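Take a look at the structure below.
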Amino acid sequence: MSYTRSENKKCQEDEIAAIRSIYDCNECLFFLKDEINYCFNIFLNIPKKKLKVKYMTLDDKDSPFSYSNFLIKYLPPIRLMITISDDYPSHKPPDFSLIISWLPPWEISFICQKLDEIWNNNKGNEILYLWIEFLKNDLFDFLKIQESLDVSFLYMIHRFPLDYMKFNWLTLSDDRALNRGLFLHPMHFLRKYSMIQHKVEFAKKYYTCNICFENVSGQKCIEVNHCSHIYCNDCMYIYISTKIDSGLVRSIHCPQLNCTSEIDYNQIKEICPDKFERYEDLLLKKTLNTMIDLVYCPRKVCQYPVIKDSEQETLARCTNCGYNFCAYCHKVYHGVSPCNMSLIETIKLIKDYQDGDDHKKKLLHVKYGRRQVQSIVEEHLTKEYLKNSTKCCPRCRTPVTKIDGCNKMSCVHCQASFCWLCGDHIVTQNPYDHFVQSGNKCYGRLFEGMFEEEMYLWNDLDY
């Protein structure tokens, strides 16, 4: 089909008007100079909701073909730069260049050749719409991208840029095939773009808040990153502010029932900018409190964090005010003497130590000091042993233990005889009379509590 110059001009204007009516302003940008120049940002329709992107890491010595992968929802748009001459569409196609940031130059060259083929099959007709629709809807099939997009070559260029420049691989591709992000890390670049584009698309829609159940514009909503639950900004501000005001800043979870996803740091800053400084302060304090070798200076005018002395486990020196204090009781440093502990604290320490495993005991040593823990626990065990395994002599009050034998006891300190069962001091000439006198509460109980072997040895005893 042959056109005059004016007819070409009319076809070009009609084609541009039609394209403007089909695609939004983000997809086509027009620049009018001596010739009609314009570009298209072509946003691809990903076949599935998410696309897996993979690349060869080259870091695994055992497996040289180790891959890393990640998921994205959006790819950066293809930029199609067009220059239209007076001979289009009658005799020649528009001059074009193709910019794709996620393909190597030779694959972009294949696409350029495909666009030439589409023109050859439709020579003399308007071609821009066919080009755009191919790039928008059919490119994945043309490149045979089904399950994943492999960006290993782009990753190698990022890792070894000098090698790429040395071999001058650009000369192997079509001059119209361009990649403006060749030396970027493909994972960082593609993830960042996908995240930004997701926010743009999110803001265009309306959502039902999972707290107040109101229908709210995406511009006034937030989507929790790790679980995708959606809430309006007002409800989330109240929820997170309440957590911060209550001091519950460790692991602020999504408010959805039974959801364990955490709201990340940047989203908290976005939702509650006026509370964020307090959030950071509380989070720092909570984090420092989990450090077993860190304490705070007990002086109210200081409160500076102090690292415990590794050589003297009870000594802490504040580098801010110079105050020396005990790292455990937070009082003035008292050397090797045990800290003064309340009865409740002592009982809890003893119980934790007795019930704990080796790791728990080690933590108690670090927290309270090995010498103090051993002293307290040993003293407690001694008292418990004396209470459960000894009885005091009724004459001199010396603790006496019964290892074996009958219930007639003799004090090793004052040689007094007494009954192990009732504790009475036996003053009769024959101390065994206490167990044979009728009506006595210990009558016949001389051998009570003895084992059969011991009973056998006493069978022939004449007392």
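For clarity, every value in this text was computed on a predicted model and none was experimentally measured.
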Practice task
Decide side chain to side chain contact (heavy atoms under 4.5 Å, CB included) for Val151 and Met187; before the verdict, give the C-alpha distance in whole Å, the side-chain angles of both, and the deciding distance to 0.1 Å.
Solution key: CA-CA 9 Å; Val151 294; Met187 182 185 73; over 6 Å; no

Completion exercise
Closest heavy-atom pair, Thr390 versus Pro399, reported as atoms and distance to 0.1 Å, is OG1-CB, 4.1 Å

Exercise for the section: Might you work through the side chain to side chain contact (heavy atoms under 4.5 Å, CB included) test for Leu44 and Trp102, ending with a clear yes or no? Expected result: CA-CA 12 Å; Leu44 275 70; Trp102 39 271; 3.8 Å; yes

Handout entry: Distance, nearest 0.5 Å, that separates CZ of Arg397 from SG of Cys393
Key = 8.0 Å

Practice task
Using the salt bridge (Lys or Arg N to Asp or Glu O under 4.0 Å) rule, pick out the option among Lys205, Lys204, Lys199 that qualifies with Glu201.
Solution key: Lys204

Handout entry: Inter-residue atom distance Arg159.CZ - Ser152.OG, 0.5 Å rounding
Key = 12.0 Å

Practice task
Decide if the gap between the ring center of Phe40 and the ring center of Trp131 is smaller than 6.0 angstrom.
Solution key: no

Exercise for the section: Say whether, by atom type as modelled, one donor and one acceptor occur between the side chain of Ser68 and the main chain of Thr57 under 3.5 angstrom. Expected result: no

Handout entry: Glu147, CD atom: more than 12 neighbouring heavy atoms under 6.0 Å
Key = no

Practice task
Give a yes or no answer on whether the side chain of Glu277 reaches the backbone of Asp274 with a donor-acceptor pair at less than 3.5 Å.
Solution key: no

Handout entry: Ser194 side chain to Lys73 backbone, donor-acceptor under 3.5 Å
Key = yes

Exercise for the section: Check whether any side-chain heavy atom of Arg79 sits under 4.5 Å from a side-chain heavy atom of Leu178, and report yes or no. Expected result: no

Exercise for the section: Determine whether more than 12 heavy atoms belonging to other residues, nucleotides or ligands lie under 6.0 Å from atom CD of Gln219. Expected result: no

Problem - Heavy-atom neighbours of His413 NE2 exceed 12 at 6.0 Å - result: no

Problem - Donor-acceptor contact below 3.5 Å, side chain His253 vs main chain Ser261 - result: no

Practice task
Kindly compute the distance separating CZ (Phe110) from CG (Leu143), expressed to the nearest 0.5 Å.
Solution key: 9.5 Å

Practice task
May I ask you to check whether over 12 heavy atoms, not counting those of Asp358, lie within 6.0 Å of atom CG?
Solution key: no

Handout entry: Pairing residues for Lys391 by the side-chain hydrogen bond (donor to acceptor under 3.5 Å, both in side chains) criterion, not counting sequence neighbours
Key = none

Problem - Heavy-atom pair of closest approach, residues Gly247 and Lys286 - result: O-CE, 3.2 Å

Exercise for the section: Identify the two heavy atoms, one from Tyr155 and one from Met56, that lie closest to each other, and give their separation to 0.1 Å. Expected result: CD2-O, 3.2 Å

Problem - Results of ring-ring contact (aromatic ring centres under 6.0 Å, His included) for Phe202 - residues two or more places apart only - result: Tyr207

Exercise for the section: Quick one: closest heavy-atom pair of Leu139 and Ile111, and the distance? Expected result: CD1-CD1, 3.6 Å

Completion exercise
Tightest non-hydrogen contact, residues Gln303 and Pro298, listed as NE2-O, 3.7 Å

Problem - Any side-chain heavy-atom pair of Lys361 and Tyr353 under 4.5 Å - result: yes

Handout entry: Atom pair CE/CD1 of Met236 and Ile271 - distance to nearest 0.5 Å
Key = 4.0 Å

Practice task
Enter the distance from Asn137:CG to Asn45:CG here, rounded to the nearest 0.5 Å.
Solution key: 5.0 Å

Practice task
Give the C-alpha distance, both sets of side-chain angles, the deciding distance and a yes or no for salt bridge (Lys or Arg N to Asp or Glu O under 4.0 Å) between Glu133 and Lys136.
Solution key: CA-CA 5 Å; Glu133 284 300 298; Lys136 191 177 184 68; over 6 Å; no

Exercise for the section: Report yes if some heavy atom in the side chain of Phe325 is under 4.5 Å from a heavy atom in the side chain of Val295; otherwise report no. Expected result: yes

Exercise for the section: Indicate yes or no for a side-chain donor-acceptor contact from Asn440 to the backbone of His434 under 3.5 Å, with no hydrogens or angles considered. Expected result: yes

Problem - Any donor-acceptor N/O pair, Asn179 side chain to Ile100 backbone, under 3.5 Å - result: yes

Problem - Min side-chain heavy-atom separation His188-Leu184 under 4.5 Å - result: no

Problem - Side chain to side chain, Phe189 and Leu154, heavy atoms closer than 4.5 Å - result: no

Practice task
Determine, step by step, whether Arg250 and Leu283 satisfy the side chain to side chain contact (heavy atoms under 4.5 Å, CB included) criterion, reporting the C-alpha distance in whole Å, the side-chain angles of both residues, the deciding distance to 0.1 Å, and the verdict.
Solution key: CA-CA 7 Å; Arg250 292 291 297 274; Leu283 187 61; 3.6 Å; yes

Handout entry: Arg176 vs Leu98 side-chain heavy atoms within contact, under 4.5 Å
Key = no

Handout entry: Main-chain N/O of Leu421 paired to Arg445 side chain as donor or acceptor, under 3.5 Å
Key = no

Handout entry: Pair Tyr231 and Tyr239, ring centroids less than 6.0 Å apart
Key = no

Handout entry: Inter-residue atom distance Cys212.SG - Asp234.CG, 0.5 Å rounding
Key = 8.0 Å

Practice task
Using a 4.5 Å cut-off on heavy atoms from C-beta on, say whether the side chain of Leu294 contacts that of Val306.
Solution key: no

Handout entry: Within-4.5 Å side-chain heavy-atom neighbours: Cys302 and Tyr323
Key = no

Practice task
Kindly indicate, with the supporting measurements, whether the criterion side chain to side chain contact (heavy atoms under 4.5 Å, CB included) is fulfilled by Leu103 and Phe153.
Solution key: CA-CA 9 Å; Leu103 287 177; Phe153 181 78; over 6 Å; no

Exercise for the section: Measure up the Phe142 and Phe134 rings against each other and bin them: parallel (under 30°), tilted (30 to 60°), perpendicular (over 60°). Expected result: perpendicular

Problem - Pair Phe276 and Tyr265, ring centroids less than 6.0 Å apart - result: yes

Problem - Which atom of Glu448 lies closest to which atom of Asn407, heavy atoms considered - result: O-ND2, 3.0 Å

